[in-house]
Visitor: 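Pasting a structure here, questions to come.
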Number of protein chains: 4
Amino acid sequence: MPESRQTQPTDEKGEKTTEAATAPRRRQARGERRIAQLLQAAAGVFCRTGYAAASTNAIAREAGVSPGTLYQFFPNKEAIAVELGGRLLHDAHEMHGQAFLPENLHKPLPELLDAVLDPVIAFNCENPAFWALMHGSGVPGIQQEHEELHTSLLTRVEDVLRSFCPDSTPAELDLVSNMILGIFKASLDLILATEGAERAAYVAELKAVLLRYLEPMITEPHPL
Amino acid sequence: MPESRQTQPTDEKGEKTTEAATAPRRRQARGERRIAQLLQAAAGVFCRTGYAAASTNAIAREAGVSPGTLYQFFPNKEAIAVELGGRLLHDAHEMHGQAFLPENLHKPLPELLDAVLDPVIAFNCENPAFWALMHGSGVPGIQQEHEELHTSLLTRVEDVLRSFCPDSTPAELDLVSNMILGIFKASLDLILATEGAERAAYVAELKAVLLRYLEPMITEPHPL
Amino acid sequence: MPESRQTQPTDEKGEKTTEAATAPRRRQARGERRIAQLLQAAAGVFCRTGYAAASTNAIAREAGVSPGTLYQFFPNKEAIAVELGGRLLHDAHEMHGQAFLPENLHKPLPELLDAVLDPVIAFNCENPAFWALMHGSGVPGIQQEHEELHTSLLTRVEDVLRSFCPDSTPAELDLVSNMILGIFKASLDLILATEGAERAAYVAELKAVLLRYLEPMITEPHPL
Amino acid sequence: MPESRQTQPTDEKGEKTTEAATAPRRRQARGERRIAQLLQAAAGVFCRTGYAAASTNAIAREAGVSPGTLYQFFPNKEAIAVELGGRLLHDAHEMHGQAFLPENLHKPLPELLDAVLDPVIAFNCENPAFWALMHGSGVPGIQQEHEELHTSLLTRVEDVLRSFCPDSTPAELDLVSNMILGIFKASLDLILATEGAERAAYVAELKAVLLRYLEPMITEPHPL
DNA sequence: GATGAATGAGGATTCATTCAT
DNA sequence: TATGAATGAATCCTCATTCAT
């Protein structure tokens, strides 16, 4: 487990900013930097070669440190992926908060799709490692994060869906939400694999698919 | 390609073709069986652990033979995956031929979706290794097979699409076909992950998605 | 041990040339052919790759038989080399008998060198495997043959030498004979590595070296 | 070339060059020692079993380290042989510089032979692996070193020869030089296989052979 | 006798992880 | 802490040899 997670020794008392307190803090700062450096390197390597084929030595090399240093911060290879996944997951959660703003629920479907999908797509374009990691590592620790992510997203999608089709059974909601997520992921692959106008076209197409899929289900007339 | 495919050495004595030809054939039959056995074992291991994490020794063990035996028929690990992929690909191509029958083109969209999707889904349910292999092995030989499969499917989908929307530009056709394939693959994941009624529900949902996505594009009125 | 060496079941009585006796003989003949075929193949492979790097499967393939067949005639890889070495050794001994004819001892040195060296060189040019095998296999069985060959040659050379320098001590004889053999082997490498005029030049040079080396040692005036 | 040769990463902090530079240097020193240790072990194993039969595990065991350690310094088995050959080659070149001093050219032949042969023989007696490696490994990398060595020696011998027989054609020089080298190598085998007085006797005999072989060719009268 | 499949120990090499400095 | 050498189990693959047919 990375040191960054260790409960910092209640340093918030603020007193005694003398050497005895400054040195550890500086060290911790350096540690944070190292961890960030290592995670960024890991992100790059995972993206390029996938989790399984990524060697810890390669990650250390990419980060410009020795393998020993890597193991000073992470107990093993999986922990790196889990921590990286965790951080990205955290950012993703925050981003999802922005995307699924309650006020969006009252927009008509096309605008809601824009409001939700655009930031999610943007996030994934900026953090390609996220998708690469979550996809298929086969590692329990990450699998769990993936499921966490999936469940969280599923819940959010179901919430939106419920506001549009209040009469649906939970089973229906689950079914449709999973389809939506699946369609989204599939499109994300195409979006991440392209650039510029083509990418934009896939984004538009994704929205079209979802719009046409969902429109007939809407039972609750939305304002405007 | 396994070595057993080598042209059998035409015994020059020529006498007693019954006995002289039966023995080699029987031996070849044993080899064929071993190959099938090994490929089936490989399918299982690949399915469970993925290509990269699958060890040749594990495959041999699963097949109940020694590692040396495996290498009597396959020069290396990749060759196993390529041969397995090739065989499944072959079966897939045949199945696609059935699924995309020319006569299906004249059916209305819902029936066409049934006619095309049902056999493809059935095939994938019966050969889960196919999807696992084609997905992400990172191995050149399989990558190529995957692309071959993808291109072949893309072409077939485009052909269908063109008959429905003759006015579309090639770029549009390509875009939409890729979306269709993506949606199909995403749904396939869900379908393969479920069973019974739930699986059937996902199948139905997939058809609904495609139907609603494609219906507005139809420009060519189909009979009835 | 090859069957060819097994004491043939006293078949020389000559009686009963009927089927009961003919069949075995034919079988034995076939075995002899197989052995010759295998040894020839082994000679080729040993020549090309050396003993250590030569695989029994490669020898079998070169001979056009299966590995199992090879082991029907030879118990292991070494036995092939030993038998091959033994046969070549046998031929070499015969050839040496021709080269070291007693009458040659009375020729003047230059002619004696021609008489001895020419057939030996010819033999080695025709049987390059001989030299390759004898050289450096590291295998006990062959090592022994090599020593046998070496000793036999050494004795012959010493005999010649003694007739030229009857006053030499045994130690001197041994020393000089070893030098002569060494010079011969070194030159043989050069001779086998070249062709045509260049080869002839090396042969001439070898004789020159030996002539000049030995001439000053001659104490016994030879006739004519 | 072992990885340890990589340029040390110029620590950018620059402070305390005493401590900051000593630690890496010490580590590098350890690496150097390991490499030397491994090469010495390899020399022993190659000498005993030859290159092909030498296993990397055996070399590591002989060096008292784990197989992984060996691969920290050498990328593969061949690299060990090449590096070992390279180092010995380097030493040999230096030694040849001493042996073929220009001033030796003006000595009479017997003294020149002493001046040249004695150090070369001494070197080979002290580094028996050199000869073992250069002889017959079949590995491209070493083959090349062997040829390099051979060419270098050939050139030096031709130079000496030319000063003695200025009228010889290049072809003659090449022929004779190759013979000289061949005789030398053959004698070296005998010298390395013996000890004490016997070894000295072979050395003397080698000189006698060369002296008698070359004397008649001398056209240029040397001083004294 | 012949075949070729089967065996399994052994060899080269990699890589996650630990340790001395 | 940082380093990079050290470890050794695990992997892919080879090949001499045996066995069933």
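What you see is a predicted model; the values in this text were computed from it and never measured. Letters A, B, ... mirror the listed sequences (proteins, then strands); counts begin at 1.
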Visitor: Regarding Ala54(C), tell me which of base, sugar-phosphate or nothing describes its non-hydrogen contacts under 4.0 Å with the strands shown.
Guide: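 Sugar-phosphate, backbone atoms only, no base.
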Visitor: Using whole Å, report how far CG of Leu38(D) lies from C1' of dA5(F).
Guide: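 So the CG-C1' distance, Leu38(D) to dA5(F), works out to 12 Å.
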Visitor: Ala54(A) and Val45(A): which non-hydrogen atoms are nearest, and at how many Å?
Guide: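 That closest heavy-atom pairing would be CB-CG1, 3.5 Å.
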Visitor: What is the distance, rounded to the nearest whole Å, between atom CZ of Arg33(D) and atom P of dA20(E)?
Guide: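 It works out to 16 Å between those atoms.
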Visitor: Atom CD1 of Ile80(D) to atom P of dG11(E): distance rounded to whole Å?
Guide: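 Nearest whole value for this atom pair: 14 Å.
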Visitor: Can you measure Ile59(A) atom CD1 to dA16(E) atom P for me and round it to whole angstrom units?
Guide: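 Going from Ile59(A) (CD1) to dA16(E) (P), I get 8 Å.
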Visitor: More 5' along DNA chain E: Ala53(A) or Ala58(D), using each one's nearest nucleotide?
Guide: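 This one resolves to Ala58(D).
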Visitor: Counting just side-chain N and O atoms, does Ser66(A) come under 4.0 Å of either OP1 or OP2 of dG4(F)?
Guide: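 No, because none of the side-chain N or O atoms of Ser66(A) sits under 4.0 Å from OP1 or OP2 of dG4(F).
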Visitor: Can you find a heavy atom in the side chain of Val65(C) that is under 4.5 Å from one in the side chain of Gln72(C)?
Guide: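 No, every pair of side-chain atoms sits at 4.5 Å or beyond.
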Visitor: Can you identify which nucleotide, out of dA2(E), dT3(E), dC12(F), has its nearest atom closest to the Phe73(C) side chain?
Guide: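 The answer is dA2(E).
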Visitor: Where the side chain of Lys77(D) is defined as all heavy atoms beyond and including C-beta, which of dC12(F), dA12(E), dT17(E) is the nearest nucleotide?
Guide: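 Between dC12(F), dA12(E), dT17(E), the one nearest the side chain of Lys77(D) would be dA12(E).
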Visitor: Below 4.0 angstrom from OP1 or OP2 of dA12(E), is there any side-chain N or O of Thr56(D)?
Guide: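 True: Thr56(D) side-chain N/O within range (under 4.0 Å) of dA12(E) OP1/OP2.
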Visitor: What is the distance from CZ of Arg61(D) to P of dG10(E), rounded to the nearest Å?
Guide: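 The answer, rounded to whole Å, is 11 Å.
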Visitor: Can you tell me which nucleotide in dG8(E), dT13(E), dA16(F) comes closest to the side chain of Ser55(C)?
Guide: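 Shortest atom-to-atom distance from the side chain points to dA16(F).
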Visitor: To the nearest angstrom, how far is Glu78(C) atom CD from dT17(F) atom C1'?
Guide: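 In whole Å, dT17(F) C1' lies 15 Å from Glu78(C) CD.
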Visitor: Taking only N and O in the side chain of Thr69(B), is any of them less than 4.0 Å away from OP1 or OP2 of dT7(E)?
Guide: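 True: Thr69(B) side-chain N/O within range (under 4.0 Å) of dT7(E) OP1/OP2.
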Visitor: Please report the interatomic distance CG(Leu38(C)) to CG(Leu84(C)), rounded to the nearest 0.5 Å.
Guide: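 Leu38(C) CG to Leu84(C) CG: 11.0 Å, rounded to 0.5 Å.
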Visitor: Using the C1' atom in both, what is the distance from dG1(E) to dT21(F), to the nearest Å?
Guide: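 The answer is 13 Å between these two C1' atoms.
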Visitor: Does the side chain of Ile80(C) reach to within under 4.5 Å of the side chain of Phe73(C), using non-hydrogen atoms?
Guide: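 Sidechains of Phe73(C) and Ile80(C): no contact.
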Visitor: Side chain of Gln72(D), heavy atoms from C-beta onward: which of dA16(F), dT17(E), dT7(F) has the nearest atom to it?
Guide: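 Nearest to the side chain of Gln72(D) among the choices is dT7(F).
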Visitor: Using heavy atoms to find the nearest nucleotide of DNA chain E for Val65(B) and Gly68(C) separately, return the residue whose nucleotide is more 5′.
Guide: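 Residue closer to the 5' terminus by nearest nucleotide: Gly68(C).
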Visitor: Does Glu62(D) CD have over 12 foreign heavy atoms under 6.0 Å away?
Guide: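 Enclosed.
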Visitor: Specify the separation, in whole Å, of atom CG of Asn57(A) and atom P of dT7(F).
Guide: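 One finds 16 Å between P of dT7(F) and CG of Asn57(A), rounded.
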Visitor: Answer yes or no: does a side-chain N or O of Arg34(C) lie under 4.0 Å from OP1 or OP2 of dA2(E)?
Guide: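 It does, given that an N or O in the side chain of Arg34(C) lies less than 4.0 Å from OP1 or OP2 of dA2(E).
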Visitor: Has Tyr71(B) got a side-chain N or O lying under 4.0 Å from the OP1 or OP2 atom of dT14(F)?
Guide: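 Negative; the distance criterion is not met.
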Visitor: On DNA chain F, does the nearest nucleotide to Gly64(A) precede the nearest nucleotide to Pro67(D) from the 5' side, or the other way round? Give the residue.
Guide: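 Checking each residue's closest nucleotide, the 5'-ward one belongs to Gly64(A).
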Visitor: So Leu39(D) and Phe74(D), do their side chains get closer than 4.5 Å, heavy atoms only?
Guide: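 The answer is yes; the side chains approach within 4.5 Å.
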Visitor: Within this structure, what is the CG-to-C1' distance between Leu70(A) and dA2(F), rounded to whole angstrom?
Guide: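 In whole Å, dA2(F) C1' and Leu70(A) CG are 12 Å from each other.
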Visitor: Is dA5(E) paired to anything, Watson-Crick or G-U wobble with both distances less than 3.5 Å, and if yes, which nucleotide?
Guide: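 Checking every strand shown, dA5(E) finds its partner in dT18(F), with both distances under 3.5 Å.
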